[in-house]
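What follows is one structure encoded as structure tokens, with my remarks underneath.
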2 protein chains.
Amino acid sequence: MVTIRDVALKAKTSIATVSRVINNKPGFSEETKQKVQQAMKELDYETNEIARSLITNKTNTIGVIVPNIASMLTHDLLNGIENLSQSRKYSIIVCYTYSNHERTMEYLKTLKEKRVDGIIFTSENLTDKNIEYIKKINIPIVLLSTFSEKYKLPFVKVDDYQASYAAVEYLIGKGHKNIGMLSGDPNDKIAGEPRIKGYKDALKKHHLFSNEEHIVVGNNFSFEDGRTNLVTLLEKFPEMTAIFSASDEMAAGAIATAHEKKINIPEELSIIGYDNILVSQMVYPPLTTIEQPLYDMGYTAAEMLFQQIDEKELINKEVYLPFKIIERESVKVMDSL
Amino acid sequence: MVTIRDVALKAKTSIATVSRVINNKPGFSEETKQKVQQAMKELDYETNEIARSLITNKTNTIGVIVPNIASMLTHDLLNGIENLSQSRKYSIIVCYTYSNHERTMEYLKTLKEKRVDGIIFTSENLTDKNIEYIKKINIPIVLLSTFSEKYKLPFVKVDDYQASYAAVEYLIGKGHKNIGMLSGDPNDKIAGEPRIKGYKDALKKHHLFSNEEHIVVGNNFSFEDGRTNLVTLLEKFPEMTAIFSASDEMAAGAIATAHEKKINIPEELSIIGYDNILVSQMVYPPLTTIEQPLYDMGYTAAEMLFQQIDEKELINKEVYLPFKIIERESVKVMDSL
DNA sequence: GTGAAAGCGCTAACAC
DNA sequence: GTGTTAGCGCTTTCAC
């Protein structure tokens, strides 16, 4: 392995000077700079970041914790994080938890041991144990598409309640009165509960009937969930003319089942999704949905993390990014209008 | 920061002994072990992997280079890699190249500087410059879903030629005689050229007409490509009854366009895809496609990498994994049969 | 079974 | 402008 010492030898100078030119710190002449750079080139010298990290206490690496590689949300989020990180010369260690709290703790521990400079924690319900550990290890963190009620950790997300409310109100605006919901886990404080509340409140606001039976709960917002749960929903709520699905993947599943059952979308049944992932364009009919600005969310989270790492004051610790309704072809205007 | 020295002090022993119990290396009594572990607990001691890496020359980290976060292939591949890595106590640094060779070189350099123990290089055409650098830095590597003609680097992939041949032969077996192709870049030595060759050879073998005009080339195997290129293909080849699409995403795009144009699939036009990503179930009609065992491919690549890292002999340096035809509903049996 | 000490490759404080 | 040196937190001889 070629070290700074070899370079110094070849350039007939000291390791301190070599270090200076590498890091472009004051204290060398143009002439020695040339000699050093020449020597580095000839020897194919490359910095040992490990050695550097040991002394600087900086690794230029961040950890990104995501629940599930299979979820398509993850990618757009990661994309935003990665783009800023790369331009800031940071590397990313990805950690998939599969929503397993043990595994999450393991990863948190690894990230600490590897001395990452910061952590982005994505769309997952944090346990108190997780958060207490995070507080203890004292690594800058930002929560992405999630937040903690109990502890004040910086986060970026969209307002799930408002977005869901808007989705349902959109359906109502198109003349629908019998609106069912395909939901995630109601105990999920992020993507579960608030979206259900948004649904119920929009209904109430417009004096429409809201019934627990009209909400069918899935396991993980997945295609499979949508597939099977449409059937249940149809049985419980035969008069239904429209569905609010708490994820695009579930909506895609519902659409697949509708095709099988020869239910015409949107003529017989309207559906609005949530997320605006690529899939929403791929299904037929193309899905009307609530857009989360996933790329921007990832990018913003990374920005907030780097601000903390650079020890700048975080102006805004709680950032809500705007959602948007993307109109495609899965919602029909009711004749009565 | 609490170090091994603090632990030694508290346990009234030497740092050497603490190190021994941490690494479970011979040379300590049960009694000191207890004392040391007690001290570590009380102090919340956690290993500094950076310091350890500096001396052991091992980081327990691998780099995974992937072209595009947006491609859904990536995830299944990563999933396999991640699962084995996590159980082997390795972390993963992900690098997205966006098929940019400069960016690839930058990442390779970073990976070297961060002293990763190995690299998995995924589905991308490697430039000679890339490979020469890889050879020079002397880090174990395995190519995933790609390979190098010129240099002998271990790889795992499926046989693109055979798989494409089989796909087209499947169409022929269903009675189709006018088969078009939605292709990727023909200069792409991995997913471009061999798949085109498989298509042509299958046609020839069955004495069917093969015409360059019947192959429409896209940019990056994407949904958008499929969307726009179906139109072109239809113009050039109006008698066409079936399409072989070199990716599921392109197939999904073609299906979307077909819906717009009121072309019935599979009644008026059959289509077979390539990859068997989740999307192939989500489109309507569900897509008949060639399955690549993506998870297994990732897992196997990781296995091969760890074997190299552990300095075991790689028995098989060139592994081809089997493809499979997944029959769904996008291919019609021709009446003539 | 245990401790002292060298040193991994680097940065930074200090002296000149 | 430049070199010497201490030391980051750890593992690993080597001596006892």
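Values below: every heavy atom of this structure, side chains too, minus hydrogens, waters and symmetry copies. Below, chains carry the letters A, B, ... as their sequence lines are ordered, and counting in each starts from 1. Values in this document were obtained by computation on a predicted structure and should not be read as measured data.
In this view, Glu311(B) satisfies the side chain to side chain contact (heavy atoms under 4.5 Å, CB included) rule with no residue, not counting sequence neighbours. For the salt bridge (Lys or Arg N to Asp or Glu O under 4.0 Å) test, residues two or more places apart in sequence or in another chain that qualify with Lys150(B) are Asp128(B). Here Ala191(B) pairs with Asp188(B), Arg195(B), Phe221(B) under the side chain to side chain contact (heavy atoms under 4.5 Å, CB included) rule; sequence neighbours left out. Scanning for salt bridge (Lys or Arg N to Asp or Glu O under 4.0 Å) contacts around Lys157(A) gives Asp160(A), with sequence neighbours left out. With sequence neighbours excluded, the residues that form a side chain to side chain contact (heavy atoms under 4.5 Å, CB included) with Asn100(A) are Glu102(A), Arg103(A). In this view, Leu84(A) and Ser87(A), Arg88(A), Tyr299(A), Ala302(A), Glu303(A), Phe306(A) satisfy the side chain to side chain contact (heavy atoms under 4.5 Å, CB included) rule, not counting sequence neighbours.
Atom CZ in Arg5(A) sits roughly 12 Å away from atom C1' in dG3(D) (whole-Å rounding). The distance between atom CG of Leu9(A) and atom P of dT2(D), rounded to the nearest whole Å, is 17 Å. Atom CG in Asn48(B) sits roughly 18 Å away from atom P in dC8(C) (whole-Å rounding). The interatomic distance linking Asp6(B) (CG) with dC10(D) (C1') rounds to 13 Å, in whole Å. We find that CZ of Phe28(B) is positioned 15 Å from C1' of dT11(D), with the value rounded to whole Å. Between the C1' atom of dC10(C) and the NZ atom of Lys58(A) lies a distance of 16 Å, rounded to the nearest Å. Rounded to whole Å, atom C1' of dT11(D) lies 15 Å from atom CD1 of Ile50(A). Residue Leu54(B) contributes atom CG, which lies 12 Å from atom P of dG9(D) at whole-angstrom precision.
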Could you list the donor-acceptor pairs under 3.5 angstrom formed between side-chain atoms of residues 50-57 of chain A and any protein atom two or more places apart in sequence or on another chain?
| unit_1 | atom_1 | unit_2 | atom_2 | d |
| --- | --- | --- | --- | --- |
| Arg52(A) | NH1 | Glu49(A) | OE2 | 3.1 |
| Arg52(A) | NH2 | Asn23(A) | OD1 | 3.2 |
| Ser53(A) | OG | Glu49(A) | O | 2.8 |
| Ser53(A) | OG | Lys58(A) | O | 2.8 |
| Thr56(A) | OG1 | Arg52(A) | O | 2.9 |
| Thr56(A) | OG1 | Lys58(A) | N | 3.3 |

Which atom pairs, one a donor and one an acceptor, fall under 3.5 Å between side chains of residues 3-13 of chain B and the rest of the protein, sequence neighbours left out?
| unit_1 | atom_1 | unit_2 | atom_2 | d |
| --- | --- | --- | --- | --- |
| Thr3(B) | OG1 | Arg5(B) | N | 3.1 |
| Asp6(B) | OD2 | Thr3(B) | N | 2.7 |
| Lys10(B) | NZ | Glu42(B) | OE1 | 3.4 |

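Using a 4.0 Å heavy-atom cutoff across all strands shown, Ser53(B) reaches no nucleic acid atom at all.
Considering only side-chain N and O atoms, Thr32(A) lies under 4.0 angstrom from the phosphate OP1 or OP2 of dT2(D). For the OP1/OP2 pair of dG3(C) and a distance below 4.0 Å, the side-chain nitrogens and oxygens of Thr17(B) include at least one atom meeting the criterion. Of the side-chain N and O atoms in Thr3(A), none sit less than 4.0 angstrom from OP1 or OP2 of dG9(C).
Across dT2(C), dG9(C), dC10(D), the shortest atom-to-atom separation from the side chain of Ser29(B) is found for dT2(C). Taking every side-chain heavy atom of Met1(B) into account, dG9(D) is the closest of dT4(D), dC10(C), dG9(D).
For Asp117(A) against Thr59(A), the heavy-atom pair with the smallest separation is OD1-N, 3.1 Å.
The list of ring-ring contact (aromatic ring centres under 6.0 Å, His included) pairs with a residue in residues 99-145 of chain A, not counting sequence neighbours, is empty.
A side-chain donor-acceptor contact under 3.5 Å links Lys114(B) and Ser91(A). Looking only at atom types and distance, the side chain of Glu30(B) has a donor-acceptor partner in the side chain of Gln34(B) under 3.5 Å away.
Taken over five-pair windows at either terminus, the axes of the helix from dG1(C)-dC16(D) to dC16(C)-dG1(D) are inclined to one another by 40° (rounded to 10 degrees).
Contacts between residues 106-115 of chain B and DNA chain C, defined by a heavy-atom separation below 4.0 Å, involve no residue at all.
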Could you go through nucleotides 11-15 of chain C and list every protein N or O atom that sits under 3.5 Å from one of its N or O atoms, giving the distance for each pair?
| unit_1 | atom_1 | unit_2 | atom_2 | d |
| --- | --- | --- | --- | --- |
| dT11(C) | OP1 | Asn23(A) | OD1 | 3.4 |
| dT11(C) | OP1 | Asn23(A) | ND2 | 3.0 |
| dT11(C) | OP1 | Arg52(A) | NE | 2.8 |
| dT11(C) | OP1 | Arg52(A) | NH2 | 3.2 |
| dT11(C) | OP2 | Ser19(A) | OG | 2.7 |
| dA12(C) | OP2 | Lys25(A) | NZ | 2.5 |

